[in-house]
Amino acid sequence: MLPNLVLLIVFTYRPLIDNIRLSFTDWNIAAPLANYIGLENYRAWLSDPNSHLVLRNTLVFTVATVGLSLVIGLALAMLLDQKLRGRNLVRSAIFAPFVISGAAIGIAFQFVFDPNFGMVHDLLSRVGIGTPDFYQEPGWALVMVTATYVWKNIGYTFVIYLAALQGRRTDLDEAAEIDGASAWQHFRRVLLPQLRPTTYFLSITVLLSSVQVFDIINVMTKGGPQGYGTTTMVYQVYRETFVNNKAGYGATVATIMFLILLVVTVVQVRVMDRGQRRD
Amino acid sequence: GTGSTTSDNGGGGTAGSGTIDFWSNHPGKSKATEQKIIAAFEKANPGLKVKLTDAGKNYEEVAQKFNAALSGGSLPDVVVVSDVTWFNFAINDRLADFAALATANKVDTADYVEGLYNDYQYDGKHYAAPYARSTVVFYWNKDMFKKAGLPDRAPTSWDEFTQWAPKLQSAIGSGKSPIILDDGSNYLDWTFQNIVWNYGGAYSKDWTPTFTDPGTVKAATLLQSWAKNKYLKTSADSAADFSAGLGAVLMESTGDLGGFKDLPFELGVGFVPAPEGVKTCPTGGAGVAVPQGISDARKANAIKFIDFLTNTANTATFTQATGYMPVRTSATSDASEAAYLKANPNYEVAVKQLPRTRPQDYARVFVPGGGTMIGEALDKIVAGSDVNGTLSALNQQIQSAYDSQLKSKVQK
Amino acid sequence: MASVFFDKTTRRYRGNDRPAVDALTLDIPDGEFLVLVGPSGCGKSTTLRMLAGLEPVNGGRVLIDGHDQDGVRARDRDVAMVFQSYALYPNMTAEENMAFALRNAGVSKADAHARVADAAKILELEPLLDRKPGQLSGGQRQRVAMGRAIVRQPKVFCMDEPLSNLDAKLRVSTRAQIAQLQRRLGVTTVYVTHDQVEAMTMGDRVAVLNEGVLQQVAPPQELYDNPANTFVAAFIGSPAITLFDSEVTDGRVDVFGLAVPLPREQAQAARVTVGVRTEGWHVVGEGEDGIPITVELVEALGAESFVYGRPGGDPEAPRIAVRVAKRASPEVGSQVRVAVDAQEIHVFDAESGERV
Amino acid sequence: MASVFFDKTTRRYRGNDRPAVDALTLDIPDGEFLVLVGPSGCGKSTTLRMLAGLEPVNGGRVLIDGHDQDGVRARDRDVAMVFQSYALYPNMTAEENMAFALRNAGVSKADAHARVADAAKILELEPLLDRKPGQLSGGQRQRVAMGRAIVRQPKVFCMDEPLSNLDAKLRVSTRAQIAQLQRRLGVTTVYVTHDQVEAMTMGDRVAVLNEGVLQQVAPPQELYDNPANTFVAAFIGSPAITLFDSEVTDGRVDVFGLAVPLPREQAQAARVTVGVRTEGWHVVGEGEDGIPITVELVEALGAESFVYGRPGGDPEAPRIAVRVAKRASPEVGSQVRVAVDAQEIHVFDAESGERV
Amino acid sequence: MTDSAVQGDEVRDTEQGLVDDGPELNVSTARKVVGYAGMLVAFLIVAVPLYWIVVTSFKERPDIYTQPAQWWPKHFTTKNYPAATTEIDFWSYLRNSVFITAVLSLAKIILGVLSAYALSLLRFPGRSLVFIVVIAALMVPNQITVISNYALVSQLGWRDTYQGIIIPLAGVAFGTFLMRNAFLAVPHEIVEAARMDGAGPLKLLWRVVLPMTWPTLIAFGLITVVNEWNEYLWPYLMASDSRVGTLPIGLTQLQNTDGISNWGPVMAATVLAMLPVLALFLVLQRHMIKGLTAGAVKG
Ligand SMILES: Nc1ncnc2c1ncn2[C@@H]1O[C@H](COP(=O)(O)OP(=O)(O)OP(=O)(O)O)[C@@H](O)[C@H]1O
Ligand SMILES: Nc1ncnc2c1ncn2[C@@H]1O[C@H](COP(=O)(O)OP(=O)(O)OP(=O)(O)O)[C@@H](O)[C@H]1O
Ligand SMILES: [Mg+2]
Ligand SMILES: [Mg+2]
C-alpha cells in the first residue's frame, strides 16, 4: 500500500499540483518563466465558445462510449459465458482489438472509415447506401471516433464482465430457474444485481479512460473537422499545451477537467459503495 | 513570475563531453541515411561522437520532447524543428542564433538556398539551418486531362483552373473531383497559401492579420465556390485519394512524390500557379537548430555537425534518399544529384520551383495555434459558412492570440 | 397435481466413480407426500435436483405426469424447491425473495403480497419481511427459503431439509403447517429430512436411500415395524436398534443367553442377525428372567431416558440401548437386568441383511 | 483452558431497534460445555460471534480468562468456530480446509495430517478428504466445517448448530465423539443447537435465550424439571408442555375439572399458569378419575406415539399432548380419558410467567 | 444417452478440461442456436476490421489504395513482414517491450493486490480517503504529468534507463480499484473463518482471498500487460533509441514520412506486436474458472 501511495503521490499528484499552480499563469511551454495572471485563464476558458463545443463533444463521446461499452461488453460476456463450442476463439477475437495500441487502431480505422477505400464504404455501397464523409462532417466524425473507441475497448469491459460472471454464485441461477424467471427477469433481478459492483467499477473506469482518449482522435481526426469537431477536453489540453504552446491555459483546461471528473466520480463512488457495503 | 518547473541550464550533457546529441524524427524515413552521415562525420572528426535520438514520429512530437527537455531535462545539441515549431522556441530564447554561431565558427551559410534559409529568420537573426525541406507542387492526372481535352500542363492561374474545372468534371464523372485538397486538420492552411497569394492576398502582413483583405476573401470565396460546384473535395489523406484516381488535381508537398509509384495513371507534376511569376509557392518541412541553453563548446560542435549534415555531398545523399528539396544551391550541381534529377524529371520540377518559393505568413507559422485556426476556418468555408463572417472572426482570433501571447515578446 | 416417476435414474458426478444416485426407480403418485431419508451424502439432494431439472441425468429418465423431462428446463417444470443451502437472492428483501416466483408467473402485485403475507405468518417471518438475507439469522434465512417455495402452487414441491435450522418449537408448528398446506393443495411433495420425527410423521411414505441405492419405500410405521434390511432397521429409530448375530435353534433365537421363540415363518433360518429396538427391552426385577447389563451411559432426555450398556459388562458384546421411563434411570456402573419382548424382535439374514 | 465471562454484553445491529443480544451476563467456567438454545433469531449466533471477536460489542464486555477482549482481534483470541453457514474455503480440499488453521499455527505437515485424519475418522469423512466443498453434499460440508474446528486445540470452542444437517445415526455418534473429545481436551465450549436431545445430553449446563435476553442457565435435567418461567418450560421438551391458566383453591389447582393438590409452597398463589408435559398425563380406564379428551391427531414415532386432543372436544380449550406407548395409540376422533400426575405439575405466576 | 447428459458432461470436458465446473442447467436447442448466432455476429463485427488489418499487411502497396476495396489481396505478399522487422531494430524494441512489460506488470499486480487488500480487508483510519486518493489518480491525464515527471526523472539521471521508464509508471490506481471490488465480493464469513483459523494477512490474501478472485486477477493481469505493452508517451520521452525504447516507439518509425503512408509494413508490424499479448490471453482466459465460490457458504 505505502509504496503504491508514494508512487502515486510522486508521479501523479506532484505533477497535478504543479499543473494546478501553472493554471494560474500564462506559461508558454517553451518559456523559462511564467507570470501569475490569476483567474484569467479560467475566465478565458469559460468565455471561449469552443470550450462549450469541447465540453459538449466530451459529454457526447463519454456518455456514448460508456453506455455502449457497458451494454455490448456485458452482452458479449454473457454470450461467451455459456458453454458454446468455439468460444475460446471468439473470446480471443473480442479481446484482440484491445491489445492493439490506440494509434495502430486509429490508423487501421482511418482505413475502415475511409470514405473512398474503406471497409464501411465498401459494405454500405454493396447495400446501396451512400457513405457519409466521416472526416469532413463533424457529427459523423464524432460517430466514427466513438465507434472506433468502442470497438477497440470492448475487450476491456468484456473481460471484466466475464471475470465477474465466472465468479458469480451459480446457486442463484438455479434458484431463479426454479422460480420460473424468464430470461429477462433472471437477468434483471438476479444477474444484474450481482454484477452491480462490476458495473459501477466499469462505468467509472470507462468514463475516466474515455474522457482521456487521445491516440485515436489524434491519429484519425486531429480534433477536427472544422477545428473542434472531435476535440475533447484532453485533446484540448494537448492542443493548447503542445501545439499552441499555451501551457498555462492547457493546465487550466486540465484542472477544470480534473475537477469535473472528481465530482462525477465521487458521486459515483458514493453510490457504488452504498450498494456494496455490508451492514 | 513563477516558473520553477522550467530550468535554464542545459542539464545533463556537460560541456565538451564530445558527444553530440542529435534529436530527429528522421523525416522521410531517413534514419539509415542519418546514421550513414553520422558515421562519416565521426570518421572525419575523430574526437566527436554523435548520438542519434529517436525524438518522435513527427515534428510535433519532437517539439514536445524538446519542450520537456527545456523544463528540466538534458538538452540535445542539435534538434529538428519544423516550419511552425521553431518560432516559439526562438521567441522564447531557446534557440541559439545560427547565423552568429556560423560566423563565430567560420561556417559558410551563403550556399543555403536563400528562400529556405530565410524561412528561419526573425528580427534579424537566423535560428536554424534548412534540412528536410519541401514545397507545394501541382500534381495532375494526365489521363483525365487528356480525356477532358485540356492542355498537358499545370494552369498558370487558378482562374484558368476554374475554367477547366467543369470540363474535368464532366470528363471524369460524378463521385470524382477535379481537385483534391487536404482538409483543415491536415495542412489545408499550408497549401491554401498558394491560392491566397495568387490573388494578392495573404494571411498576414508581418504581425497584422489580413484575412479580410480583398485578395484573401477572393481566394476563400473561390474555394467555397469550388466546393459548392463539387469541383473540390477535401480529404484527410488527399494523396491517397488522388493516387487512387479520385481526383484530377492535387496540390501537395513534394514529399509525396516518393509515394507516387506504380500509379494506375500517368502523373503530371508542375509548378503551382503563379501569375506573372510572383513568388507564390509556400515552403515547409524542417530545419535543424541548436539550443541556446548549452555550453559554447557544445554549440561549436553542434554547428560543425550541422554544417557537415547539410554540406553539398550530404544534401545530395539526403535528398535522393528522401525526396526532400536540396537546401544548398551547390547541391544541384553535384554530379550525383544532377544525374538523379535527370533521371527523375518530376522531381526536377520541384527543384526548379525553388526560386519561386516564398516564406510563409506569420499568421500561420508564428502565431501559436495559427495554423489550426486557419484550417478550422477553411473547413468551415468549404462546408459552406459565410466567407466574410468566418474570415473576420478568424482575423480577430489571430489578432487576439497575437496580442495575448506574442505582442509583448516581439516588441521588447 | 402431478405424479413423479423416476425410471432407473442415475447420476454420476465427474471425478466420482460411484454414482451419486444409482438406477433409482420410484413411483410417486399424484398428491403424495414422500419423505426421502438416508445418511449424509447418500444422494438425496441429487435426487431432488434431478427432479427439479438442475442436474443432468446420466441414465434412465425422470417423468412428471408421465412426460419424460429430458430437455425440459427447470423453469418449465413448475417445481418449487427449498434449497439445502437456501440460495436466497442477496439483493432482495425477504418479501421480494418470496414474491419473485409469483411475480414471474404473472401474479398481480396485490395477490403476491397477500400470499407472501400468509406464508410469512406460517413461518413467523412477519416482522422481518423488509430485511435482506444478510441481515437475517440462519434460521430466519431458512424460513425465507421455505417461504419462497410455499407461496407457489406448483406441480411438485421439492424440499431439502427445510427445517434443519429451526428450533424444536417452531419446527413442530411449521411441520404441522406444511403438512396441512400440502394436503390442502394436494401438491406432490418430495421432502428430504434427517429428522426422525419428521420422517415418521409427515409423509405418506418414506423412501430410504443408501449410497445412491433405494433400500425401501413404505409408510412410516411399516418402515419402523418391518424394515426391509438391517440398514433400514438401523437407520430408522433413534437411539438405533441393537443388532447382533445369533443362531436359531428349535425355532428359538439366543439373545445373550435368553432363548426367545420366533414366529413360525422366521424360525427356519440357521444363522440370523437379530435386531431389538430400545422399546423392545424392558427392565425386569431380580426374580425374572433377564440379561444382566452393566450401565455405561444414561441419557436423560427429560421425558424419558436411555440406558446404554453391554450384556455382562463384556466389552466385546454389542451395546444395548434401553428406553426407560423418566424417573427410572439407574446409575452409571450399576447392574440392571433387562428382558426382551418376543414380538419386538426383528430377524434378518445374517449374510444378506435382508429381512427373513 | 479458559473461562469465559459475558458481562452485560449487548449487541445492536444497524437498522434494528431491539438489541440482538441484550445485556447478557453469563459466566462459563474453564472446561465447561455450555449449550446455548433459544428460538430462531434470538441471538445465539451473535453471542458466539461476539465471543469469537467477529462482531463488535456495543455494550458491556466479553472476558476470556479474565481478560477483557475489547480490541483483541479474532485471530489472537484462540477460539475455534464452526459457522452456522459453514464458511468453507471453496478453493481448498476438505483436508486443506481442516489443516489450514493448524498449518497457520506452525504445526508440521505430518502432525497436521495426522490430526486431520483423526477428525476425519470421527466425522466419517475419510473418503472425501480430496474433494472441494463444491463437490460435497450439504451434510458433508457441515462435517468439514466441524472438522476444521475440532482439529485445533483452542482455548474455546464455539459451535453453531454444527450437526443440523446430519442424519440421526451419524448425529448420535458424532455427538458422543464431540462430548468425549471435549472432556478429554477440557476445552471450554459454547454449543448452539436447536436439537432437544443435544441440548439435554451434551452440556454441563444449558442457557436459554429469548429475544436476546437470558432466561435461565442450569444443568439440563434441572431446566427440564424446574423451568424458571413459562418460556423455558415451553421451549424445552418436545412436544411442548401444555400450558393453561387456572385458579388455586384450597391448595388445589383445577385441571379441566380435576382438582390436583399442589405442594405447600406453591399453594399460596391465587391465579396461576399450570404446565403439564406429555409424560405428566396418562391414559386411564373407564372407572378412574380422568379428563375426557377427543383425539385430534396421533403422531406415531415408532417407539412411542403422541396423542393430541382437547378436553371435552372444546375447540377453545388448550390442546393437550399425551405420550403413549407404541401400541397404545387410539384412533383419531375417538375419546380417551387422561389423568394428570400431581408431581408432574409445574406452576407459574399467571402474570409474570415466573415459576412460583 | 440423453441429450441433456451430453451437455452436462461431455461438452464440459472437451471444451474446458476443467474439473471444477459446476453443474450445468439444461440448455434448450433454441437457446443454443441463438447463442451461436450471437457468437457469429459478434465475431464478424470484431473480426472483419481485424481481418482488414491482417489482410492489408499482405497487400502490395498499390493494392491498398484501390476502389472497390480488395477483400483478398490481388498480389499476395509477405514482404511487409521482413520490411517491418528490418526497417527498424525490431528485435531490440521487442526485447525491451517484453522486459519492461514483464517487470511493470509484475510490480503493478503485486502493488495493486496489496493495496486493494489494505483498502478492502484492513481497517485503518482514513481508509476511504486513501481510496478516493487512489481513484482520483485515474483522472489525471498523462499529458499533464509527463513534463513534470520528465524533469524529475532526468534530474535523477534516469533518462534512457529501464528504471526511468518503469518506476514512474508503477503506481497502480486501476488495479487497486478493481481488486478491491473483487475482494469485497468475497463472502464475509470466509474471511472471518480464515481470521479465526489464525491466518495472518498474507496467508489470508494468498491462500483464501486470491484463489477466490482468480478470474478478476487474471483480467487485471491481462489488462495491465496490454496497457504496459502499448504505453507510448512516457517511454517515448524517456528513450532515445532502441536501447531501451519499446515496440510502439519503434513502430512509429515505420510511418514517419511527410508524404503518403505505406500501410503494408505498418499493418504487418501491428499484427506482430499484437500476437504475443493475444497468445497470453489465450493461455490465461482458460483459467477463468466458473463458480469459484461454490459450496462455500449457505445463504
Ligand atoms: N447484519 C444484521 N443486521 C440486522 N439484524 C441482524 C443482522 N444479523 C442478525 N440480525 C438479527 O439479529 C437477531 C439475532 O440474530 P442471530 O443470528 O444471533 O440469531 P440466532 O439466534 O443465531 O438465530 P438462528 O437460530 O435462526 O440462527 C435476529 O433477529 C436477526 O434478524
Ligand atoms: N459436484 C459434485 N461433484 C462430485 N461429487 C458430488 C458433487 N455433488 C455431490 N457429490 C457427491 O454425491 C453424493 C450425493 O450427494 P448429495 O448432495 O445428493 O447428498 P445428500 O444425500 O443430499 O447428503 P446430505 O444429507 O449430506 O445433504 C455425495 O457423496 C457427494 O459427495
Ligand atoms: Mg443434501
Ligand atoms: Mg444462528
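Computed from a predicted model, the values in this text were never measured in an experiment. Each chain gets a letter, A, B and so on, in the order its sequence line appears, and its residues count up from 1.
- More than 12 non-hydrogen atoms from other residues, nucleotides or ligands lie less than 6.0 angstrom from CG of D:D118.
- Residue-environment remark: CZ (D:R18) stays at or below the threshold of 12 foreign heavy atoms within 6.0 Å.
- Only the backbone of D:A80 comes within less than 4.5 Å of a heavy atom in chain E; its side chain stays farther off.
- Contact between E:K203 and D:F100 at its shortest, heavy atoms only, is CD-CE1, 4.2 Å.
- Across all non-hydrogen atoms, the minimal contact from D:R75 to E:A199 is CD-O, 3.1 Å.
- Here D:R152 pairs with E:D197 in a salt bridge; the nearest charged N to carboxylate O distance falls below 4.0 Å.
- Annotation: the span from E:R195 atom CZ to D:N104 atom CG amounts to 13.0 Å, rounded to 0.5 Å.
- To the nearest 0.5 angstrom, E:R207 atom CZ is 9.5 Å from D:Y89 atom OH.
- Atoms OH and CD, from D:Y86 and E:E189 in turn, are 12.5 Å apart once rounded to the nearest 0.5 Å.
- For the pair E:A193 and D:R148, the tightest heavy-atom approach, listed with the atom from each and the gap, is CB-NH2, 3.6 Å.
- The greatest number of non-hydrogen atom pairs below 4.5 Å with chain E, out of D:L102, D:L88, D:L136, is found for D:L88.
- Rounding to the nearest 0.5 Å gives a distance of 10.0 Å between CE of E:M196 and CZ of D:R49.
- Residues D:P90 and E:V297 form no side-chain contact, since every pair of their non-hydrogen atoms from C-beta on lies 4.5 Å or further apart.
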